[in-house]
S.K.: 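Let me give you the structure first, and then I'll get to my questions.
Start at 1 with the first residue, then count along the sequence.
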Amino acid sequence: MSQSSLSLGQPEEPTPVPALPEVVAPSDGATSTSVAKLGRQKKRSHEQQAEVERIGQIEPFVGLERDERLFTALNQWRELSICARLITIDRLGLAKSLKFYTQSLTKRRSGLLVTPAPVIYVEIEQNSSLTDLFVCIGEFLAHPFYSGLLPQLRSRTLATLKSYKVKLLIINNADMLSFAAFNELMRIAEKMRISVVLAGSPYLNEILEPKGVKKNKYINIHNTFLKFHHYNVINKEDLPTVILEWEKKVGWSKPLKLWADKDIVATLSRCFLWTAASALRKSARNCGLENRPSSSTDQFSQHLPCFGQEL
């Protein structure tokens with residue numbers, strides 16, 4: 001028998017298989033390495049979780065001195081049909097104040113406005129075109145027919161504003177409007193002789209300021225909205241009043257008197273300062289003022305007079 005036949009008759013040795021790593025089941029309280037850690041969460045009962053959610057939804061409006069000054073300016077502009085600007089870095093505070101002012105002067109029945117409706121409040125949600133502006137006005141009026149081509153939207157909007165006897169049109173987040181929308185608001189104010197108020201961040205001033213050749217088209221719009229009012233950030237002295245009103249709305253049987261805790265008031269004051277400073281820097285970046293001399297950013301620092309601190 002040949003050597004080759006002997007080699008064919010020998011059984012082949014099995015190929016060794018590498019051992020797999022042993023998988024150890026995680027013990028109680030341990031987290032597998034393949035699962036992302038979510039952190040520790042406080043366990044609450046259903047009743048406790050419902051109470052936490054209820055408290056989180058309580059956002060009472062507390063009229064302060066800054067709101068009184070705002071309402072006085074709005075009343076004057078509405079009576080004299082003056083167009084103006086509202087500038088703030090406290091975006092949420094201004095929105096709450098404007099909604100309270102609007103709801104105090106308008107009434108609704110079955111979701112529809114009751115005539116007359118002297119004040120209309122529109123909140124721009126994103127970078128909006130002229131069509132978006134008309135649709136936002138229609139949504140506030142709760143009219144389902146606000147659709148169609150631009151000429152139809154324009155005629156319906158003007159007719160509706162006239163029928164509701166509107167005297168003041170407030171546009172919040174106006175710094176997200178297009179040039180065509182700004183121009184249309186100027187035409188509405190001139191044609192209907194009503195007050196149009198633009199509310200927004202300090203960036204709104206930079207948009208309307210006709211600086212440079214490319215901004216010459218904003219000259220008429222800028223001249224229409226020359227009047228302005230600054231809505232300041234809430235100051236430390238007013239915080240106890242806000243906390244007290246919040247505790248009343250919560251309805252605890254034994255109030256904690258958080259308004260009297262100086263540490264809590266100081267912590268909230270620092271939070272407001274940090275939020276305001278962040279918004280201030282963001283507006284400066286949007287306007288291209290971040291790397292300019294300090295004199296160029298003075299117009300922004302005046303929005304924080306209540307803190308008296310340098311950013």
S.K.: Hey, what do you get for OG (S195) to CG (L74), rounding to the nearest 0.5 Å?
M.R.: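 Spacing of OG (S195) from CG (L74) equals 8.0 Å.
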S.K.: Does any non-hydrogen side-chain atom of L158 lie less than 4.5 Å from one of I188?
M.R.: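 Yes, side chains in contact.
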S.K.: At their closest point, which heavy atom of F134 faces which heavy atom of T157, and how far apart are they?
M.R.: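 Between these two residues, the closest heavy atoms are CD2-OG1, 3.3 Å.
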S.K.: Does any non-hydrogen side-chain atom of F182 lie less than 4.5 Å from one of F225?
M.R.: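 Not in contact.
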S.K.: Check side chain to side chain contact (heavy atoms under 4.5 Å, CB included) between L105 and all other residues, then give those that pass, not counting sequence neighbours.
M.R.: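 L105 satisfies side chain to side chain contact (heavy atoms under 4.5 Å, CB included) with R78, Y101, P118, V119 only.
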S.K.: Under a 4.5 Å cut-off applied to non-hydrogen side-chain atoms, are I221 and F179 in contact?
M.R.: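 I221 vs F179: side chains touch.
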S.K.: Residues in side chain to side chain donor-acceptor pair (under 3.5 Å) with S129, at least two apart?
M.R.: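 Counting only residues at least two positions away or on another chain, S129 forms a side chain to side chain donor-acceptor pair (under 3.5 Å) with D132.
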S.K.: Hydrophobic clusters here meaning ILVMFWY residues chained together by side-chain heavy-atom distances under 4.5 Å, can you tell me if Y218 and M176 are in one?
M.R.: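 Yes, same cluster.
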S.K.: Say you draw a straight line from OG of S81 to NZ of K167; how long is it, rounded to the nearest 0.5 Å?
M.R.: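 Atom-to-atom, S81:OG and K167:NZ are 8.0 Å apart.
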S.K.: Looking at every heavy atom in both E190 and T224, which two are closest together, and how far apart are they?
M.R.: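 In terms of heavy atoms, the two residues are closest at OE2-OG1, 4.3 Å.
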S.K.: Looking only at heavy atoms, which two atoms of R85 and N205 are closest? And how far apart?
M.R.: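 Closest pair (atom of R85, atom of N205, distance): NH1-OD1, 2.7 Å.
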S.K.: Is the shortest side-chain heavy-atom distance between I170 and I120 below 4.5 Å?
M.R.: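 They are not in side-chain contact.
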S.K.: State the CG-NE2 distance between D90 and H230, to the nearest 0.5 angstrom.
M.R.: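 With rounding to 0.5 Å, CG (D90) is 14.5 Å from NE2 (H230).
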S.K.: The test is side chain to side chain contact (heavy atoms under 4.5 Å, CB included); show your working for T72 and Q76 and say whether it passes.
M.R.: CA-CA 6 Å; T72 300; Q76 181 183 8; 5.7 Å; no
S.K.: Does any non-hydrogen side-chain atom of L185 lie less than 4.5 Å from one of L133?
M.R.: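 Yes - at least one pair of side-chain heavy atoms lies under 4.5 Å apart.
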S.K.: Could you tell me the separation between the NZ atom of K165 and the NZ atom of K162, rounded to the nearest 0.5 Å?
M.R.: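 Between atom NZ of K165 and atom NZ of K162 there are 11.5 Å.
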S.K.: List the atom of Y231, the atom of L94, and the distance in Å for their closest heavy-atom pair.
M.R.: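 Smallest heavy-atom distance, with atoms named: CE2-N, 3.6 Å.
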S.K.: Among all residues two or more places apart in sequence or in another chain, which pass the side chain to side chain contact (heavy atoms under 4.5 Å, CB included) test with N220?
M.R.: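 Side chain to side chain contact (heavy atoms under 4.5 Å, CB included) check on N220 returns M186.
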S.K.: Just do the side chain to side chain contact (heavy atoms under 4.5 Å, CB included) check on M192 and L161 with the steps written out, would you?
M.R.: CA-CA 9 Å; M192 303 194 63; L161 293 176; 3.7 Å; yes
S.K.: Quick check: do N183 and K217 have side-chain heavy atoms less than 4.5 Å from each other?
M.R.: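 Heavy-atom side-chain distance check fails, nothing below 4.5 Å.
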S.K.: Once rounded to the nearest 0.5 Å, what's the spacing between atom CG of L153 and atom CG of L130?
M.R.: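 These two atoms lie 8.5 Å from each other.
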S.K.: Do R108 and V114 come close enough that some side-chain heavy atom pair is under 4.5 Å?
M.R.: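 Heavy-atom side-chain distance check fails, nothing below 4.5 Å.
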S.K.: Check S163 against T115 and note the closest heavy-atom contact, atom names and distance.
M.R.: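 Looks like O-CG2, 3.6 Å.
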S.K.: Any chance you could measure R91, atom CZ, to E123, atom CD, to the nearest 0.5 Å?
M.R.: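 Output value for this atom pair is 8.0 Å.
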S.K.: Would you say L169 and L113 are hydrophobically clustered, going by side-chain heavy atoms of ILVMFWY under 4.5 Å?
M.R.: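 Yes, L169 and L113 fall within the same hydrophobic cluster.
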S.K.: Looking only at non-hydrogen atoms, find the nearest pair between A199 and L204 and report the distance.
M.R.: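 Closest pair (atom of A199, atom of L204, distance): C-CD2, 4.2 Å.
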S.K.: So L86 and L70, do their side chains get closer than 4.5 Å, heavy atoms only?
M.R.: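 Result yes, sub-4.5 Å side-chain heavy-atom pair found.
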S.K.: Applying a strict under-4.5 Å side-chain criterion to I, L, V, M, F, W and Y, I'd like to know whether L80 and V197 cluster together.
M.R.: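 Yes; tracing contacts between hydrophobic side chains, which count when under 4.5 Å, links both residues.
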S.K.: State whether the side chain of N223 and the backbone N or O of I219 hold a donor-acceptor pair below 3.5 Å, judged by distance alone.
M.R.: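 Pair found, side chain donor or acceptor close to backbone of I219.
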S.K.: Tell me whether S97 contacts the main-chain N or O of G93 through its side chain, where contact means a donor paired with an acceptor under 3.5 Å.
M.R.: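 Answer holds: no.
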S.K.: Take atom NZ of K96 as the centre, draw a 6.0 Å sphere, and report whether it contains more than 12 heavy atoms from other residues, nucleotides or ligands.
M.R.: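 Enclosed.
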S.K.: With sequence neighbours left out, what residues match C136 under side chain to side chain contact (heavy atoms under 4.5 Å, CB included)?
M.R.: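 Applying side chain to side chain contact (heavy atoms under 4.5 Å, CB included) to C136 gives V122, I124.
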S.K.: Looking at R187 and E184, is any side-chain nitrogen of the basic one under 4.0 Å from a carboxylate oxygen of the acidic one?
M.R.: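 Counted as a salt bridge, because a side-chain N and a carboxylate O are separated by less than 4.0 Å.
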S.K.: Test: side chain to side chain donor-acceptor pair (under 3.5 Å). Region: residues 169-178. Which pairs qualify, not counting sequence neighbours?
M.R.: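 Non-adjacent pairs meeting side chain to side chain donor-acceptor pair (under 3.5 Å): Y121-N172, D175-S201.
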S.K.: Mind checking what makes side chain to side chain contact (heavy atoms under 4.5 Å, CB included) contact with R69, not counting sequence neighbours?
M.R.: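 In terms of side chain to side chain contact (heavy atoms under 4.5 Å, CB included), with neighbours along the sequence ignored, R69 is linked to E65, R66, H229, N232.
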S.K.: Please verify the inter-ring angle class for F100 with F71; under 30° counts as parallel, over 60° as perpendicular, anything in between as tilted.
M.R.: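 F100 and F71: parallel rings.
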